[in-house]
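Sequential numbering from 1 along the given sequence is applied to the chain's residues. Side chains are part of it too, since the values below use all heavy atoms of this structure and drop only hydrogens, waters and symmetry mates.
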Amino acid sequence: MQEHVETAGQSRLDDNVILEVKGLRKYFPIHRGLFRKVVGYVKAVDNISFYVRGGETLGLVGESGCGKTTASRSIIRLYEPTSGDIRFKTAKFSSDGTEQVVDLREMDRDQMKLIRQEIAMIFQDPVGSLNPRMSVFDIISEPMEIHGMGSGPEVEETVTRLLERVGLRPEHMRRYPHEFSGGQRQRIGIARALALNPRLIFCDEPVSALDVSIQAQTLNLLQDLQADFDLAYVFVAHDLSVVQHISDRVAVMYVGKIAEMAGSDVLYNNPLHPYTEALMSAVPKPDPMYASERIVMPGDVADPSNPPPGCYFHPRCNYAVDICSKEEPEWRELEPDHFVACHRAEELQLRGV
């Protein structure tokens, strides 16, 4: 493990940024034939870069299959990344409590175990992510047991406090997951994610499997917990309205790449990428008298195992020109804290929500 020493302009980890991802790739090999020969790769995540500040929520949005979940799991190394830098600010390896920047890809098994005390994940499926043979107490206390954080009455007291904080009763700890509703199961998953007092939580579509009324309760709970525990979230979702409600900044993904990233209000009102504009046109409007002008994108989503040359979005883009099919657009900061990968970003006048 080595501490990264950055010079001005090279890294954003000198301010309030706790996580910086640079050039992250995750390719899955395609095997064929009797000898399982590798004949290609599915580029699930293909050279993405972003950062997360302490205490903020970064929304990661895009169509199903665009690589949002794969990116999240690669960052915390549930999947091993193919390449890229994953820089995280932590004090776990300092004897005097001084924070230093480490690359998570260089961590061995024991070092990652320490890092996972500070990074947690809330999974999409509240049924599949909870072991049906374990009681609620066992589910929430398991991370504390693995990391040797407390024992006996101390653990039970912590589980009781976490259950109450997520809106469940202490007597629920002796029950099993099948005895709860979907919303309650997700609250158990949230309590488990909080067990080690993390700084950063990846929320992998935590409300997509819930009823609309329960979604609102869960989102409000996540916001309250963020304020109480000073948490940072990477909030993965495909519902643009949900992302706008909870996010401080939003990154838009398309076929393994990030097309645009900016503050939530800026992105929704002043998009710079044609794909972002098309997504925004699909956001439901609260005014029934408003005549929606939906932008229908031609063609199909690009195949991540055989993406088109140049800009991956150019076969479906209404503004594509010759250069779009030949050269991959550069990921650049066009305005302060507003990043985009589009050749024509400066000249297009796009419509927001």
**OP:** Evaluate the criterion side-chain contact (heavy atoms from CB on, under 4.5 Å) for residue pair Asp108 and Gln111; output intermediate values, then yes/no.
**Re:** CA-CA 5 Å; Asp108 60 27; Gln111 291 167 337; 3.2 Å; yes

**OP:** Check whether Leu78 and Phe202 end up in the same hydrophobic cluster, where Ile, Leu, Val, Met, Phe, Trp and Tyr are linked by side-chain heavy atoms less than 4.5 Å apart.
**Re:** yes

**OP:** State, with a plain yes or no, whether a side-chain heavy atom of Arg351 is found less than 4.5 Å away from one of Met280.
**Re:** no

Subject >> Gln186 side-chain N/O to Pro206 backbone N/O, donor-acceptor pair under 3.5 Å >> reply: yes

**OP:** If the plane angle is over 60° it's perpendicular, under 30° parallel, otherwise tilted; pick one for Tyr254 and Phe313.
**Re:** perpendicular

**OP:** Taking all non-hydrogen atoms of both residues into account, name the closest pair between Leu104 and Ile75 and its distance.
**Re:** CD1-O, 3.6 Å

Subject >> Within-4.5 Å side-chain heavy-atom neighbours: Val61 and Met253 >> reply: no

Original post:
Salt-bridged, Arg192 to Glu142, with N to O below 4.0 Å?
Top reply: no

**OP:** Please lay out, stage by stage, how Ser135 and Met173 fare under the test side-chain contact (heavy atoms from CB on, under 4.5 Å).
**Re:** CA-CA 7 Å; Ser135 68; Met173 72 171 67; over 6 Å; no

**OP:** Would you indicate whether Tyr41, at its atom OH, is surrounded by more than 12 heavy atoms from other residues, nucleotides or ligands within a distance under 6.0 Å?
**Re:** no

Subject >> Polar side-chain atom of Gln223 near backbone of Asn220 as donor-acceptor pair, under 3.5 Å >> reply: no

Original post:
Which pair of non-hydrogen atoms, one from Thr70 and one from Lys26, has the smallest distance, and what is that distance?
Top reply: CG2-CG, 3.8 Å

**OP:** Working to the nearest 0.5 Å, report the span between CD1 of Ile119 and CD1 of Ile76.
**Re:** 7.5 Å

**OP:** Could you walk me through whether Gln100 and Lys89 pass side-chain contact (heavy atoms from CB on, under 4.5 Å), step by step?
**Re:** CA-CA 5 Å; Gln100 64 186 90; Lys89 191 180 291 183; over 6 Å; no

Original post:
Any chance the rings of Phe137 and His172 have centres within less than 6.0 Å?
Top reply: no

Subject >> Asp248 side chain vs Thr57 backbone, donor-acceptor pair below 3.5 Å >> reply: yes

Subject >> Whether Gln215 side chain and Leu210 backbone form a donor-acceptor pair below 3.5 Å >> reply: yes

Original post:
Does the pair Lys22 and Ile86 meet the rule for a side-chain contact (heavy atoms from CB on, under 4.5 Å), with working shown?
Top reply: CA-CA 7 Å; Lys22 280 191 170 184; Ile86 308 168; over 6 Å; no

Original post:
Is there a donor-acceptor contact under 3.5 Å linking the side chains of His238 and Glu205?
Top reply: yes

Subject >> Short N-O contact, Arg25 and Glu80, less than 4.0 angstrom >> reply: no

Original post:
If you measure only the distance, is there a donor-acceptor pair under 3.5 Å linking the side chains of Thr276 and Glu260?
Top reply: yes

Original post:
Taking C-beta and beyond as the side chain, do Val250 and Leu58 meet within less than 4.5 Å on heavy atoms?
Top reply: no

Original post:
Take atom CD in Glu179; do more than 12 heavy atoms of anything else shown fall under 6.0 Å from it?
Top reply: yes

**OP:** Indicate, with yes or no, if Tyr176 and Val166 share a hydrophobic cluster defined by side-chain heavy-atom contacts under 4.5 Å among Ile, Leu, Val, Met, Phe, Trp and Tyr.
**Re:** no

Subject >> Non-hydrogen atoms of Ile48 and Ala71 that approach each other most closely >> reply: CD1-CB, 3.9 Å

**OP:** May I ask you to establish whether Arg249 and Tyr51 are in a cation-pi arrangement, using a distance under 6.0 Å from NZ or CZ to the six-membered ring centre and at most 45° from the ring axis?
**Re:** yes

Original post:
How about Glu157: does its CD atom have over 12 heavy atoms from other parts shown lying under 6.0 Å from it?
Top reply: no

Original post:
Phe88, Val45: one ILVMFWY side-chain cluster at the under-4.5 Å cut-off?
Top reply: yes

Original post:
How many angstroms lie between atom CD1 of Ile188 and atom CG of Leu130, to the nearest 0.5 angstrom?
Top reply: 6.0 Å

Subject >> Sidechain N-carboxylate O distance under 4.0 Å for Glu346, Arg332 >> reply: yes

**OP:** Name all pairs fulfilling the side-chain hydrogen bond (donor to acceptor under 3.5 Å, both in side chains) condition that reach into residues 261-273, sequence neighbours left out, sorted by first residue then second.
**Re:** none

Subject >> Asp211 side-chain N/O to Ser213 backbone N/O, donor-acceptor pair under 3.5 Å >> reply: no

Subject >> Closest contact, heavy atoms only, Thr90 versus Arg199 >> reply: CA-NH1, 4.0 Å

Original post:
Taking Ser94 for the side chain and Ala91 for the main chain, is one N or O donor matched with an acceptor at less than 3.5 Å?
Top reply: no

Subject >> Donor-acceptor pair between Gln124 and Ser208 side chains, under 3.5 angstrom >> reply: yes

**OP:** Measure from the side-chain N and O atoms of Arg175 to the backbone N and O of Phe180, and report whether any donor-acceptor pair falls under 3.5 Å.
**Re:** no

Original post:
If you round to the nearest 0.5 Å, how far is CZ of Arg344 from CD1 of Ile323?
Top reply: 11.0 Å

**OP:** Would you mind checking if Asp337 and Arg53 are paired as a salt bridge, meaning a charged N to carboxylate O distance below 4.0 Å?
**Re:** yes

**OP:** Taking only Lys NZ, Arg NE, NH1 and NH2, and the carboxylate oxygens of Asp or Glu, determine whether Glu171 and Arg174 approach each other closer than 4.0 Å.
**Re:** no

Original post:
Is a salt bridge present between Asp85 and Arg87, judged by a nitrogen-to-oxygen distance below 4.0 Å?
Top reply: yes

Original post:
Got a second to check how far Thr69's OG1 is from Asp204's CG, nearest 0.5 Å?
Top reply: 3.5 Å

Original post:
Minimum heavy-atom separation for Gln226 to Gly55, with atom names?
Top reply: NE2-O, 3.3 Å

Original post:
Would Val234 end up clustered with Met112 when hydrophobic side chains under 4.5 Å apart are linked, directly or stepwise?
Top reply: yes

Subject >> Side-chain H-bond candidate by donor/acceptor type, Glu277 with Tyr319, under 3.5 Å >> reply: yes

Original post:
Does Ile295 reach the side chain of Leu279, with side-chain heavy atoms less than 4.5 Å apart?
Top reply: no

Original post:
Taking C-beta and beyond as the side chain, do Pro274 and Cys342 meet within less than 4.5 Å on heavy atoms?
Top reply: yes

**OP:** Look at the side chain of Ser247 and the backbone N and O of Val243, then say whether any donor-acceptor pair between them is shorter than 3.5 Å.
**Re:** yes

**OP:** Measure from the side-chain N and O atoms of Ser325 to the backbone N and O of Gly310, and report whether any donor-acceptor pair falls under 3.5 Å.
**Re:** no

Subject >> Ser72 and Val236, any side-chain heavy atoms less than 4.5 Å apart >> reply: yes

**OP:** Run the ring-centre check on Phe28 versus Tyr79 and record whether the distance is less than 6.0 Å.
**Re:** yes

**OP:** First locate atom NZ of Lys43, then atom NZ of Lys257, and finally report the distance between them rounded to the nearest 0.5 Å.
**Re:** 8.0 Å

**OP:** Taking the side chain as every heavy atom from C-beta outward, state whether His343 and Cys324 have any atom pair closer than 4.5 Å.
**Re:** yes

**OP:** Look up atom NE2 in His147 and atom CG in Leu196, then write down how far apart they are to the nearest 0.5 Å.
**Re:** 5.0 Å

Subject >> hydrophobic_cluster_shared for Val159 and Leu225, side chain cutoff 4.5 Å >> reply: yes

Subject >> Nearest heavy atoms of Ile18 and Ala232, plus distance in Å >> reply: CD1-CB, 3.9 Å

Original post:
Does Arg161 pair with Glu164 as a salt bridge, N-O distance under 4.0 Å?
Top reply: no

**OP:** For the residue pair Tyr312 and Asp303, establish whether any side-chain heavy-atom pair is separated by less than 4.5 Å.
**Re:** no

